[in-house]
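Atoms considered below: every heavy atom in the structure, side chains included; atoms not considered: hydrogens, waters and symmetry mates.
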Amino acid sequence: MTFRIIALLALAAAVFRLSLFRFQAAVAPKSRIPEPFHLNRYRGWLQERFIQAFRPGFAGRAGKTVEAWLKRNYPGWRAWVWGALALSFGYLAASGLVYAIFVPRGLWGVPLLLHVMAGALFAVSLAAVIVLRARRYGFEPDKGRVAVQCLICPVLKLVPVPAARAVAFWVFAAAGLVLTVTALLSMLPWFVYSAQLLFIAVHRYAALAATLAAIAWADFDLIPRGA
């Protein structure tokens with residue numbers, strides 16, 4: 001029950017905070033100081049974005065955005081590596097978190113089998129992405145770029161987008177490593193039942209951390225800033 005509450009609150013807070021960044025940038029695109037929050041304006045802006053997602057042509061524009069991003073960052077055969085990571089993690093996050101939050105029994109049966117198979121693909125593709133793209137997500141100073149408020153504490157100084165993007169990427173990578181290790185350890189017959197329960201708990205929280213980091217990374221790196 002504790003994990004369910006934390007997961008739902010964390011996911012809702014992440015989506016709200018990141019959408020609020022974009023709302024503030026939309027209403028004051030040239031200002032580095034966010035305007036005061038107005039619930040009605042934010043609700044209207046959010047409703048308009050939601051309606052746009054169901055309008056004809058939205059899927060095509062989104063596909064072109066992803067295609068252009070892949071050509072810049074994963075040209076040629078490298079796009080298959082990113083695709084394997086995105087698809088495997090998408091299924092892992094959807095199946096794992098949905099069952100952990102809404103199904104008391106947890107993951108089992110065919111979805112569990114597919115979860116294990118997707119986990120193997122995720123581990124391999126994550127390692128490949130880290131090797132191919134680690135240099136892009138460094139923490140070198142990058143002046144003249146847009147900044148956003150700190151995700152954790154809004155009163156902190158503005159954080160440059162490249163730094164926020166790098167933090168999201170490396171948190172995702174670290175959480176992915178924890179997911180892989182805990183999954184492998186839970187398959188070994190060397191540990192007692194209490195240890196297996198600990199592995200499951202750590203695995204769930206690592207999955208939540210990876211999902212939050214993936215949401216932040218997509219907002220900072222994949223989705224255009226003016227969208």
Side-chain angles (χ1 to χ4, degrees), residues 1-18 81-134 137-139 150-153 159 163-222:
M1 180 60 71
T2 301
F3 174 79
R4 296 175 188 174
I5 296 174
I6 293 175
L8 290 174
L9 291 178
L11 291 170
V15 173
F16 169 74
R17 192 61 184 159
L18 291 173
V81 176
W82 185 86
L85 178 65
L87 290 176
S88 60
F89 180 73
Y91 177 77
L92 289 173
S95 60
L97 288 178
V98 167
Y99 271 81
I101 295 174
F102 299 108
V103 181
R105 179 178 177 178
L107 195 59
W108 60 283
V110 174
L112 176 59
L113 177 61
L114 296 176
H115 193 88
V116 174
M117 295 171 61
L121 180 60
F122 170 75
V124 174
S125 56
L126 176 61
V129 165
I130 292 175
V131 171
L132 292 173
R133 304 299 296 165
Y137 299 103
F139 293 92
C150 177
L151 290 175
I152 300 176
C153 184
V159 178
R165 182 176 56 206
V167 169
F169 176 82
W170 289 112
V171 169
F172 178 81
L177 177 61
V178 175
L179 286 170
T180 303
V181 172
T182 52
L184 290 175
L185 291 178
S186 63
M187 297 179 186
L188 299 176
W190 303 338
F191 302 98
V192 297
Y193 180 69
S194 58
Q196 297 286 349
L197 293 179
L198 176 62
F199 293 150
I200 293 175
V202 174
H203 191 85
R204 285 181 173 179
Y205 281 101
L208 177 61
T211 303
L212 295 174
I215 293 173
W217 170 85
D219 184 80
F220 292 137
D221 199 8
L222 181 59

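Summarising the geometry, atom CG belonging to Leu8 is positioned 8.5 Å from atom CD1 belonging to Ile5; distances are rounded to the nearest 0.5 Å. The line from NE2 of His203 to OG1 of Thr180 is 8.5 Å long, rounded to the nearest 0.5 Å. Note that the CG atom of Leu92 and the CG atom of Leu114 stand 10.5 Å from one another [nearest 0.5 Å]. Between the CG atom in Leu185 and the CD1 atom in Ile200 there is a gap of 12.0 Å [rounded to 0.5 Å]. Atom CD1 of residue Ile101 and atom CG of residue Leu11 lie 6.0 Å apart, to the nearest 0.5 angstrom. Of the inter-residue distances, the one linking Gln196 atom CD with Thr182 atom OG1 reads 10.5 Å to the nearest 0.5 angstrom.
Across all their heavy atoms, Trp217 and Ala168 have their closest contact at N-CB, 3.7 Å. Residues Leu212 and Ala10 share a closest heavy-atom pair of CD2-O, 3.6 Å. The two residues Ser88 and Ala84 make their nearest non-hydrogen contact at OG-O, 2.7 Å.
Considering only residues two or more places apart in sequence or on other chains, Ile6 meets the side chain to side chain contact (heavy atoms under 4.5 Å, CB included) condition with Thr2, Tyr205, Leu208. Looking at residues two or more places apart in sequence or on another chain, you find a side chain to side chain contact (heavy atoms under 4.5 Å, CB included) between Ala213 and Val171, Phe172. The side-chain hydrogen bond (donor to acceptor under 3.5 Å, both in side chains) check on Ser95 picks up His115, with sequence neighbours excluded. For Val15, there are no side chain to side chain contact (heavy atoms under 4.5 Å, CB included) partners at least two apart in sequence or on another chain. For Tyr99, the ring pair (Phe, Tyr, Trp, His ring centres under 6.0 Å) criterion is met by no residue, not counting sequence neighbours. Scored by the side-chain hydrogen bond (donor to acceptor under 3.5 Å, both in side chains) test, Arg133 finds Asn73 as partners (sequence neighbours excluded).
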Please determine whether side-chain contact (heavy atoms from CB on, under 4.5 Å) holds for the pair Met117 and Leu121, giving the CA-CA distance in whole Å, both sets of side-chain angles, and the decisive distance to 0.1 Å. CA-CA 7 Å; Met117 295 171 61; Leu121 180 60; over 6 Å; no
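In this structure the side chain of Val167 never reaches within 4.5 angstrom of the side chain of Phe220, judged on heavy atoms. Two residues are said to be in side-chain contact when any heavy atoms from C-beta on lie closer than 4.5 Å; Thr211 and Phe89 meet this criterion. Between Leu184 and Leu188, every side-chain heavy-atom pair lies at or beyond the 4.5 Å cut-off. For the pair Phe191/Leu197, no side-chain contact is recorded, criterion being any heavy-atom separation below 4.5 Å from C-beta on.
Considering Val131, Leu126, Val129 as possible partners of Val81, the one that fulfils the side chain to side chain contact (heavy atoms under 4.5 Å, CB included) test is Val129.
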